[in-house]
Amino acid sequence: MSKAKRASDAGAANSEALLAERTLRERTTRRLNALAAVLQALTGARSLETLAPRLVRALCEQLGWDFGAVWAMHEESQQLASLCLWTKPALEGHPLVERTRSLRLSPGVGLPGRVWSSSAPAWVFELQHDANLPRAALAIDAGLRSGFAFPLHAGDAPIAVIEVLTRELEEPDEELLLLLATVGGQVGGLLSQWRVENRLAREVEDVTARLSLVAQTGALDEWRDHTDSDTLRPLLAQITKLVAALGTFLRETQGAATRVSETSRSVSDAMREHREVADAQMRSVRAAAEGLETLKASATEIASRANEVARAAAETLAAEGSGRGSIEVLISGMASIRSHGAAVVDATSRLRERVEQVDALVMTVDAVADRSDILALNAALEAARGGESGHGFALVAAEMRRLAESVLASTRSIRALVQEIREATAHADAAAVGANTAIAQGEAQGLLAAKGLDRLLDGVRGGARTAAAIVALAEGQRGGTEETAGTFQAISANSTTILQGAKKATSALDQLAELATRLDQLTQRFQAG
């Protein structure tokens with residue numbers, strides 16, 4: 001072999017070695033990434049429903065594959081159904097996606113069915129050459145060429161199948177499948193444990209809900225301790241014993257509460273009757289005390305009035321001498337006035353006579369003046385006929401006429417004055433006569449008043465003696481009334497204390513009865529059988 005040939009073969013061998021090394025490195029990296037994706041998906045997951053979407057997405061993203069789905073057994077149809085799926089954006093909306101969501105696979109049918117039946121991973125190098133792929137045409141239309149699936153299982157029992165597809169033509173990677181099979185067993189074990197824990201948690205929730213229902217409705221007889229968990233069975237047995245003991249306690253408590261309530265109400269009714277009697281007695285005592293206060297006030301008033309009567313009688317008796325003397329002076333004065341009245345009547349009579357004389361004299365003067373006026377008029381006429389020689393005579397006639405007219409005017413005034421004096425004299429005369437009559441009546445009334453005053457003084461003396469007796473009697477009555485009122489006040493205070501005690505006792509018994517009734521109501525919430 002030539003040197004060039006050997007160099008060419010060595011270069012080719014190196015290239016193959018480098019390619020194999022790179023391929024190994026890429027596969028190793030992919031396996032590590034797949035393992036990291038699984039571990040990342042497990043973080044925070046507690047059920048297949050929460051783990052599946054994370055796991056299929058993480059595997060597809062880390063491995064660089066295009067489509068993934070998680071399959072699980074549908075309980076009603078007993079066929080595999082897609083629990084969730086993930087695709088790259090290029091495949092969103094493709095018919096493959098909707099077909100995968102609606103498809104049901106029997107165990108052994110399709111890639112997920114074969115893995116479910118064998119509980120072992122499987123690799124399909126070329127999808128178009130696999131006859132057991134119901135979605136092969138849709139997968140090829142979507143550009144998908146290779147795929148694999150592995151189970152999540154606990155022992156030999158499959159729990160779910162994870163299926164991933166890619167547009168690249170991928171050679172089977174047995175080490176990746178072995179790694180995923182191992183991971184599937186571990187994840188399946190976790191899922192099985194989670195199922196047990198979740199089932200236990202659901203049973204605990206169910207037991208809690210049953211206990212809450214019993215607590216809310218009070219139906220202790222509705223409690224049932226059935227469970228499929230061996231872990232919970234001892235606990236439920238203890239709860240059953242507790243419920244039975246609670247039922248016994250409630251029945252005894254209800255009976256005791258009923259008896260306490262009935263007894264409390266009976267005693268309370270009796271105390272109410274006692275309180276009503278005490279209340280009536282209290283009202284009677286208060287009424288009697290008020291009556292005594294009124295009687296005491298009346299006695300005091302009577303004594304006060306009697307004292308006033310006695311003082312008035314004493315004052316009346318003291319004024320007896322002065323009153324009797326005043327009446328006598330009054331009668332004497334009236335007699336003196338009557339004598340003066342008679343003198344006035346005489347003087348008035350004499351004045352009337354003088355007035356008549358003056359009137360006659362005035363009439364005479366008036367006649368003379370009237371005659372003089374006529375004469376003066378005639379003289380004036382004669383003087384006028386005498387001409388110049390009768391001028392002096394005319395002046396005398398004129399003066400005489402003025403004098404006559406002046407006298408006539410004076411006599412008219414005197415006659416008017418005389419008429420006024422006549423009228424005043426008549427009035428004075430009438431008044432004097434009336435005064436004398438009134439004075440005579442006054443003297444008679446004075447004598448009657450003197451006699452009445454004597455009788456009044458006799459009555460006042462008797463009233464004074466009676467008033468003194470009444471004062472003594474009222475003072476004695478007031479003393480007895482005050483003593484009786486003090487006794488009734490003591491009785492009232494005792495009655496008030498008794499009544500307050502009865503009210504407090506009744507209130508306490510009512511509260512006890514209410515508490516017993518409330519306790520009975522609380523216990524009756526529970527139907528203890």
Side-chain angles (χ1 to χ4, degrees), residues 30-87 97 100-101 103-124 132-135 146-166 170 172-202:
R30 183 168 58 180
R31 294 165 192 161
L32 293 175
N33 290 339
L35 182 60
V38 171
L39 293 176
Q40 183 178 2
L42 287 173
T43 303
R46 295 297 298 174
S47 65
L48 177 62
E49 288 72 18
T50 57
L51 174 64
R54 301 178 183 180
L55 186 58
V56 68
R57 177 177 180 175
L59 284 174
C60 290
E61 288 179 346
Q62 293 299 327
L63 295 175
W65 289 39
D66 300 274
F67 178 91
V70 178
W71 298 81
M73 183 63 67
H74 191 266
E75 293 182 0
E76 294 181 359
S77 64
Q78 288 299 304
Q79 292 181 317
L80 292 175
S82 63
L83 184 63
C84 64
L85 58 86
W86 179 89
T87 66
V97 175
T100 301
R101 288 196 176 105
L103 183 63
R104 298 291 184 271
L105 297 174
S106 299
V109 178
L111 179 58
R114 293 202 305 270
V115 172
W116 182 274
S117 297
S118 64
S119 192
W123 194 290
V124 179
N132 190 11
L133 293 177
R135 297 168 295 154
S146 299
F148 73 88
F150 67 95
L152 303 178
H153 58 89
D156 295 333
I159 297 175
V161 173
I162 297 179
E163 174 191 39
V164 292
L165 305 175
T166 180
E170 291 283 346
D173 187 345
E174 297 297 336
E175 292 183 358
L176 177 61
L177 289 179
L178 179 61
L179 174 63
L180 292 177
T182 303
V183 170
Q186 295 175 349
V187 173
L190 285 175
L191 288 174
S192 179
Q193 181 180 351
W194 290 348
R195 283 185 175 180
V196 173
E197 293 176 354
N198 291 338
R199 184 167 55 252
L200 180 61
R202 287 193 297 272

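All residue numbers refer to positions in the sequence shown, counting from 1.
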Side chain to side chain, Thr100 and Trp71, heavy atoms closer than 4.5 Å
yes
Is there side-chain contact between Phe148 and Asp173, with heavy atoms separated by less than 4.5 Å?
no
Least distance between heavy atoms, Gly68 atom then Val56 atom
C-CG2, 3.4 Å
Is any side-chain heavy atom of Leu55 less than 4.5 Å from a side-chain heavy atom of Leu152?
yes
Can you sort out the partners of Ser82 under side chain to side chain donor-acceptor pair (under 3.5 Å), two or more places apart, ordered by chain and number?
none
Could you measure the distance from the NE2 atom of His153 to the OG atom of Ser119? Nearest 0.5 Å is fine.
4.5 Å
Taking every heavy atom of Leu48 against every heavy atom of Pro53, the minimum-distance pair comes out as O-CD, 4.4 Å
Quick one: are Leu59 and Phe150 in side-chain contact, heavy atoms under 4.5 Å?
yes
Considering non-hydrogen atoms only, spot the tightest contact between Gly147 and Trp65 and give its length.
CA-CZ3, 3.6 Å
Would the number of heavy atoms belonging to other residues, nucleotides or ligands and lying under 6.0 Å from CD of Glu75 be above 12?
no
Between Ser117 and Gly108, what is the shortest heavy-atom contact and its length?
OG-N, 2.9 Å
Report the C-alpha distance between Leu111 and Leu133 in whole Å, list the side-chain angles of each, state the deciding distance to 0.1 Å, and finish with yes or no for side-chain contact (heavy atoms from CB on, under 4.5 Å).
CA-CA 7 Å; Leu111 179 58; Leu133 293 177; 4.0 Å; yes
Pro151 and its side-chain contact (heavy atoms from CB on, under 4.5 Å) partner, picked from Leu180, Val115, Ile162:
Val115
Is there a side-chain contact between Leu177 and Pro172 in this structure, where contact means two heavy atoms from C-beta onward sitting under 4.5 Å apart?
no
Rounded to the nearest 0.5 Å, what separation is found between the CG atom of Leu165 and the CZ atom of Arg135?
6.5 Å
Using modelled atom types only, decide if a donor and an acceptor are shared between the side chain of Arg114 and the backbone of Asn132 within a distance under 3.5 Å.
yes
State the CH2-CD distance between Trp123 and Glu174, to the nearest 0.5 angstrom.
8.5 Å
Could you tell me if the side chain of Leu190 sits less than 4.5 Å from the side chain of Leu51, heavy atoms only?
no
So, Trp116 side chain and Met73 main chain: donor-acceptor pair closer than 3.5 Å or not?
no
